[in-house]
Amino acid sequence: MRRVHTVNGTSIKKIVMLAILGLMMMYSVVGVMTSLKPEYRITSSSVNNVATYFPGEAFVHFFSFENHYFSQVLPEEKRKPKYSAAVFEMMTNVNLEDPRSLLGSELPGFSIFDSEIIVAGEGLDYTNMPYESAPPLEVMLAEREASLESLEQADKSSEEKTVPPPKMTTGGKKVVYIYHTHTHESYLPALKGVTDLDSAFHPTVNVTKVGEKLAEEMEKRGIGAEVNTEDFIDKLVKNGMKYYQAYDVSRKTVEEAITKNRDLQYFIDIHRDVQRRNKTTVTINGRDYARIVFIIGGDNAKYEKNLQVAKDLHELLQKKYPGLSKGVIQKKGEGTNGKFNQDLSENAILIEFGGVDNTFEELFRTASAVADVFSEYYWQAEKVQAPAPEQKQ
């Protein structure tokens with residue numbers, strides 16, 4: 001008599017047939033839905049979510065019920081998928097192995113911490129992750145008086161540190177492109193009478209001043225830098241777009257820059273954190289600096305290359321300016337852009353400069369420090385990439 005394999009009294013063959021039938025039904029439903037009007041279609045992200053919960057290994061495991069040889073092609077740790085956990089996560093959006101997923105949907109604002117710390121600098125953990133506020137555009141565009149004196153004082157202070165003439169230069173070529181996707185992000189000390197962190201925005205006195213200072217400091221060190229101060233937020237308003245679409249606007253500008261100037265090698269998008277002063281400030285040799293953090297989008301093909309640039313810069317900063325860099329963070333998946341235009345270059349990074357409470361004096365010191373370290377990194381990279389001298393015959 002032929003032995004019939006069973007699981008909890010159910011024929012294995014029946015289980016496999018049901019699994020195949022389920023797959024056929026799923027693909028049939030997808031086929032029907034994708035033929036409907038766009039607003040009723042199942043999006044690729046929906047299908048991707050299902051594939052995330054039930055990876056290909058799960059289907060191989062199904063077939064192994066009938067023929068155990070199927071399971072032998074899988075690594076040991078993937079031979080027994082956790083179906084109950086996968087179904088539970090798909091239904092509730094709660095990952096039992098990550099308690100943050102439980103809190104993320106219940107606590108307002110907690111989902112902003114759903115990122116991964118790749119390199120943790122001094123004091124960085126999941127309780128003090130950097131984030132950016134996205135208030136309604138009318139709040140962001142409200143008129144506020146800025147203190148130009150703070151900028152003048154910051155400029156004078158930064159000029160106190162002399163930089164020796166560079167031994168090498170890029171020969172007039174602009175090799176670094178600096179821009180500011182969230183252009184209006186500003187700092188409370190520069191805004192008269194403003195104390196609410198959600199109101200730390202200004203059309204002119206904002207992160208673009210940090211970008212200009214960074215470009216200026218790079219030029220002092222022989223590295224040609226082009227800084228774009230275009231008001232992307234103003235473009236959003238004029239085109240009736242949402243705040244999260246700012247990266248679509250800045251992307252076009254970066255693409256145009258790449259087309260016009262083939263010498264550009266590095267792309268830096270400057271932002272500012274919403275965290276308060278105690279988390280965004282460090283004292284080095286008796287002077288206060290605005291801390292920085294590198295953000296890398298995990299949803300782009302050039303992720304590994306961009307990540308390496310950020311890691312290298314972080315390590316150099318740790319040696320020369322301990323504590324200045326909070327670390328390197330990866331952002332991807334739902335609720336975030338995931339690319340940040342970094343798919344346009346292997347040398348594209350996003351840097352958060354300070355938080356809402358930092359002064360421009362502190363920010364300019366940091367810009368000088370970043371330029372100092374970046375120049376060291378740049379010239380070392382150029383040396384490595386330089387073609388070997390031809391051998392005489």
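Just so you know, these numbers come straight off a predicted model, no measurement behind them. Nothing fancy with the numbering, it's 1 onward along the sequence.
- The salt bridge (Lys or Arg N to Asp or Glu O under 4.0 Å) search around Glu346 returns none, not counting sequence neighbours.
- Relative to the ring axis of Phe201, Arg272 places its NZ or CZ within 45° and under 6.0 Å from the centre.
- With sequence neighbours excluded, no residue forms a salt bridge (Lys or Arg N to Asp or Glu O under 4.0 Å) with Glu256.
- Side chain to side chain, Thr280 and Asp273 fail the donor-acceptor criterion of an N or O pair below 3.5 Å.
- To the nearest 0.5 Å, the span separating CD1 on Ile296 from NZ on Lys305 amounts to 14.0 Å.
- Around the CG atom of Asn285, the shell of radius 6.0 Å holds no more than 12 heavy atoms that belong to other residues, nucleotides or ligands.
- Atom CD1 of Ile118 sits about 9.0 Å away from atom CD1 of Ile329, to the nearest 0.5 Å.
- At a cut-off of 3.5 Å, with distance as the only test, no side-chain donor of Asn206 or His182 sits close to an acceptor on the other residue.
- How far NZ of Lys174 is from CG of Leu264: 10.0 Å, rounded to the nearest 0.5 Å.
- Note that OH of Tyr187 is 11.0 Å distant from CD of Glu362, once rounded to the nearest 0.5 Å.
- Side-chain atoms of His314 and Asp312 form no donor-acceptor pair, as typed in the model, at a separation below 3.5 Å.
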Pair Lys213-Glu216, salt bridge (Lys or Arg N to Asp or Glu O under 4.0 Å): steps then yes or no: CA-CA 5 Å; Lys213 175 57 67 173; Glu216 177 187 319; 3.2 Å; yes
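- Checking Asp343 against Tyr303 by side-chain atom types alone, no donor-acceptor pair falls below 3.5 Å.
- Looking at Asn261, its side chain never comes within 3.5 Å of a backbone N or O of Ala257 through a donor-acceptor pair.
- Here Tyr266 and Phe374 bring their ring centres to under 6.0 angstrom of each other.
- Side chains of Ser325 and Val293 form no contact here, defined as non-hydrogen atoms less than 4.5 Å apart.
- Annotation for Lys173: atom NZ does not count as buried by contact number, only 12 or fewer foreign heavy atoms lying within 6.0 Å.
- For the residue pair Lys302 and Gln342, the shortest heavy atom distance occurs at CB-O, 3.9 Å.
- Under the side-chain hydrogen bond (donor to acceptor under 3.5 Å, both in side chains) rule, Asp357 has a single partner from Lys279, Gln275, Arg276, which is Arg276.
- Inspection of the His180 and Thr208 side chains reveals no N or O donor paired with an N or O acceptor under 3.5 Å.
- Contact of the His202 side chain with the Leu191 side chain is registered, since non-hydrogen atoms from C-beta on lie closer than 4.5 Å.
- Counted by atom type alone, Tyr177 and Asn228 present one or more donor-acceptor pairs between their side chains at under 3.5 Å.
- Summarising the geometry, atom OG1 belonging to Thr366 is positioned 7.5 Å from atom CD1 belonging to Ile292; distances are rounded to the nearest 0.5 Å.
- Applying the side chain to side chain contact (heavy atoms under 4.5 Å, CB included) test between Pro189 and each of Thr359, Leu363, Val194 identifies Thr359 as the sole match.
- In this model, a donor atom of one side chain and an acceptor atom of the other lie less than 3.5 Å apart for Asn358 and Thr281.
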